[in-house]
Amino acid sequence: MTALLSCIELESAPNPTAAVIWMHGLGATSDDFAGLVPELDLEGCQPIRFVFPQAPSIPITINGGYVMPGWYDLYGMDLVSKQDAAGIQRSEAQIRALVDREVARGIPTERIVLAGFSQGCAMALHTALRLPHTIAGVMALSGYLPLADRFATERNVANASTPIFMAHGTQDPVVILKRGEDSRDALAAMGHKVQWHTYPMPHSVHPREVADIAAFLKQVLPA
């Protein structure tokens with residue numbers, strides 16, 4: 001039994017019938033994106049419970065072993081030449097447990113969106129496309145597809161047609177644009193439905209992106 005992560009929860013309206021589970025980036029906290037919810041124009045969406053889990057604090061090799069909130073360890077700036085498969089799979093199990101909790105609370109998987117920024121984006125893509133039940137969508141912000149060499153054999157047909165919103169800054173120095181483009185191309189080559197957006201920004205969130213996120217949620221979680 002996987003212990004549930006601590007979470008911040010916000011509801012767009014009473015009695016939510018849909019959920020967005022949104023993972024933060026490396027070194028951040030569960031409140032990192034909670035402040036974005038009031039900025040989203042969710043008129044036309046069903047009532048949504050936003051769940052912002054807190055990653056455990058772990059030593060991060062690339063930061064000299066400094067302990068900080070992280071979904072998995074990082075070994076190099078290129079992010080992909082050596083990857084913490086065990087850490088990624090451990091966090092996958094924790095995110096799956098949060099999905100199961102939403103189902104237990106009465107929200108079917110087809111009304112659940114997995115979202116994330118940076119390392120949280122990597123976890124959203126990794127977890128969502130391996131789930132055995134169809135979900136509503138994936139929001140992948142300023143990140144990449146981890147363990148891409150395993151993806152073809154580990155992905156689940158249940159989410160082969162799930163809409164994927166991918167957003168990236170053209171001046172991102174942390175997760176370079178090419179990393180996002182390579183992930184987009186790998187997903188598209190396997191038939192995944194990627195909606196690709198770029199913004200003139202570094203490793204952050206753009207005002208236009210906020211509007212596009214709201215539009216995506218209206219698409220996949222309509223009233």
Side-chain angles (χ1 to χ4, degrees), residues 1-10 16 18-34 36-37 48-58 60 68-74 79 83-148 150-151 154-160 162-167 175 183 187 192 213 216-217 220-221:
M1 186 77 178
T2 302
L4 284 173
L5 298 170
S6 65
C7 301
I8 289 175
E9 296 186 4
L10 299 172
V20 176
I21 302 172
W22 198 324
M23 278 66 72
H24 62 73
L26 178 66
T29 56
S30 55
D31 63 358
D32 204 32
F33 280 88
L36 196 65
V37 173
I48 301 170
R49 177 185 296 120
F50 288 88
V51 179
F52 300 96
Q54 177 63 52
S57 290
I58 59 172
I60 302 296
M68 62 178 63
W71 298 105
Y72 52 89
D73 197 4
L74 285 177
L79 305 175
Q83 298 186 66
D84 177 17
I88 291 168
Q89 289 162 340
R90 185 173 57 248
S91 286
E92 176 191 353
Q94 292 174 313
I95 295 164
R96 281 178 178 243
L98 293 174
V99 172
D100 291 342
R101 181 176 66 167
E102 291 310 307
V103 172
R105 291 202 276 192
I107 294 179
T109 57
E110 59 266 25
R111 295 208 292 266
I112 296 175
V113 170
L114 289 192
F117 176 82
S118 193
Q119 203 182 57
C121 162
M123 285 314 310
L125 285 170
H126 173 90
T127 305
L129 302 178
R130 285 168 171 78
L131 289 172
H133 304 293
T134 305
I135 64 170
V138 185
M139 295 194 314
L141 315 177
S142 300
Y144 64 102
L145 178 70
L147 304 180
R150 306 181 180 192
F151 181 66
E154 293 184 358
R155 70 187 180 129
N156 196 301
V157 67
N159 285 291
T162 298
I164 303 171
F165 175 95
M166 290 189 78
V175 182
S183 297
L187 291 166
H192 289 279
I213 287 169
F216 179 75
L217 290 174
V220 299
L221 298 175

Taking the side chain from Ser91 and the backbone from Trp71, do they hold a donor-acceptor pair closer than 3.5 Å? yes

Quick one: does Asp73's side chain have a donor or acceptor within less than 3.5 Å of a partner on Asp84's backbone? no

Beyond-backbone contact of [X] with [Y], side-chain heavy atoms, under 4.5 angstrom:
X: Met23; Y: Thr127; value: no
X: Pro132; Y: Asn156; value: yes
X: Ile112; Y: Val103; value: yes
X: Leu131; Y: Thr109; value: no
X: Thr29; Y: Ile8; value: no
X: Gln54; Y: His24; value: yes
X: Leu125; Y: Ile164; value: yes
X: Met139; Y: Phe117; value: no

Which pairs pass salt bridge (Lys or Arg N to Asp or Glu O under 4.0 Å) with one or both residues in residues 101-124, sequence neighbours excluded? Glu9-Arg101, Glu9-Arg105, Arg49-Glu102, Glu102-Arg105

Between atom [atom1] of [X] and atom [atom2] of [Y], what is the distance when rounded to the nearest 0.5 Å?
X: Leu147; Y: Ile88; atom1: CG; atom2: CD1; result: 4.0 Å
X: Ile213; Y: Leu141; atom1: CD1; atom2: CG; result: 5.0 Å
X: Leu74; Y: Leu26; atom1: CG; atom2: CG; result: 5.5 Å
X: Leu221; Y: Ile48; atom1: CG; atom2: CD1; result: 5.0 Å

Please report the closest heavy-atom contact between [X] and [Y], naming both atoms and the distance.
X: Gly137; Y: Phe216; result: CA-CZ, 4.2 Å
X: Val20; Y: Ala115; result: CG1-CB, 4.1 Å
X: Gly25; Y: Ser118; result: CA-CB, 4.3 Å
X: Pro69; Y: Ala55; result: CB-O, 4.0 Å
X: Tyr144; Y: Pro146; result: O-CD, 3.3 Å
X: Met166; Y: Ser183; result: CE-CB, 4.1 Å

Could you check whether Tyr72 and His126 have their ring centres less than 6.0 Å apart? no

Whether Trp22 and Phe33 hold their rings parallel, tilted or perpendicular, with breakpoints at 30° and 60°: parallel

